[in-house]
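For reference, positions follow the sequence shown, starting with 1.
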Amino acid sequence: MFLVLWEFEVKPGCEQRFERVYGPGGDWDSLFRRDPRHERTGLFRDIVKPRVYLTVDYWKSCKSYEKLLQAHGAEYKSLDAIAEELTANERHIGSYETVELDSDTHPE
């Protein structure tokens, strides 16, 4: 499993639109679902700072994500430019893959 994490600070008054664009079933999720290796998209809101959100995009592998970017790079950039008007700040937190433990070095 591979996931991509982003943090966004949403402009005041843009929260509902942001949630529609970035949440499950939204514009980003619709783009990603064009690739069968996209698992799901999650949207999380900070309970202390309600205009701060995290998005989590789950993929079968890093290669899957990279292939989507290659195949749909123009649409990705176009959607990113449109969605930027909703946010004051955005930060790529990181891209992570599942740690597979070797049973020989980590016995039960």
Side-chain angles (χ1 to χ4, degrees):
M1 176 75 62
F2 176 75
L3 60 93
V4 182
L5 286 172
W6 287 88
E7 178 186 65
F8 298 90
E9 180 184 349
V10 177
K11 291 178 181 175
C14 294
E15 295 89 350
Q16 287 184 345
R17 184 155 177 241
F18 177 87
E19 290 173 9
R20 284 193 305 271
V21 170
Y22 283 86
D27 297 348
W28 282 107
D29 190 38
S30 295
L31 173 63
F32 294 155
R33 281 186 289 145
R34 293 181 186 179
D35 190 307
R37 296 164 296 226
H38 176 251
E39 297 282 328
R40 69 185 183 279
T41 293
L43 179 64
F44 301 86
R45 182 177 47 237
D46 191 303
I47 59 173
V48 176
K49 299 178 265 177
R51 289 188 302 109
V52 175
Y53 291 81
L54 290 179
T55 61
V56 185
D57 299 304
Y58 297 85
W59 296 84
K60 290 194 182 289
S61 68
C62 178
K63 222 175 246 260
S64 300
Y65 177 67
E66 290 171 349
K67 285 182 180 181
L68 177 278
L69 294 178
Q70 288 173 353
H72 299 287
E75 292 120 312
Y76 185 102
K77 288 179 183 178
S78 177
L79 183 54
D80 190 46
I82 292 167
E84 277 185 7
E85 70 187 43
L86 303 173
T87 61
N89 293 302
E90 76 177 64
R91 178 173 68 101
H92 178 234
I93 294 174
S95 299
Y96 302 86
E97 62 186 5
T98 303
V99 174
E100 301 292 335
L101 297 178
D102 181 1
S103 60
D104 292 335
T105 57
H106 294 87
E108 293 181 19

Less than 4.5 Å apart, side chain to side chain, heavy atoms only: is that true for Arg17 and Lys11?
no
Closest non-hydrogen atoms of Ser64 and Asp35, given as atom of the first, atom of the second and distance, are O-OD2, 3.9 Å
Any side-chain to backbone donor/acceptor pair from Glu84 onto Ile82? Under 3.5 Å, distance only.
no
For Leu31 against His72, the heavy-atom pair lying closest together
CD1-CB, 4.0 Å
Same apolar cluster: Tyr22 and Leu69, side chain cutoff 4.5 Å
yes
Test side chain to side chain contact (heavy atoms under 4.5 Å, CB included) applied to Glu100 and Thr98, step by step:
CA-CA 6 Å; Glu100 301 292 335; Thr98 303; 3.6 Å; yes
Cluster check Phe44, Leu3: I/L/V/M/F/W/Y, side chain < 4.5 angstrom:
yes
So do the side chains of Tyr65 and Val4 get within less than 4.5 Å of each other, counting heavy atoms only?
yes
Distance (rounded to the nearest 0.5 Å) between Glu90 CD and Phe8 CZ:
5.0 Å
Check whether Arg51 reaches the backbone of Glu9 with its side chain - one donor and one acceptor, N or O, closer than 3.5 Å.
no
With a 4.0 Å cut-off, would you call Glu19 and Arg45 a salt bridge?
yes
Kindly state whether the ring of Tyr53 and the ring of Trp6 have centres lying under 6.0 angstrom apart.
no
Students often mix this up, so state it plainly: with edges at 30° and 60°, are the rings of Phe32 and Trp59 parallel, tilted or perpendicular?
perpendicular
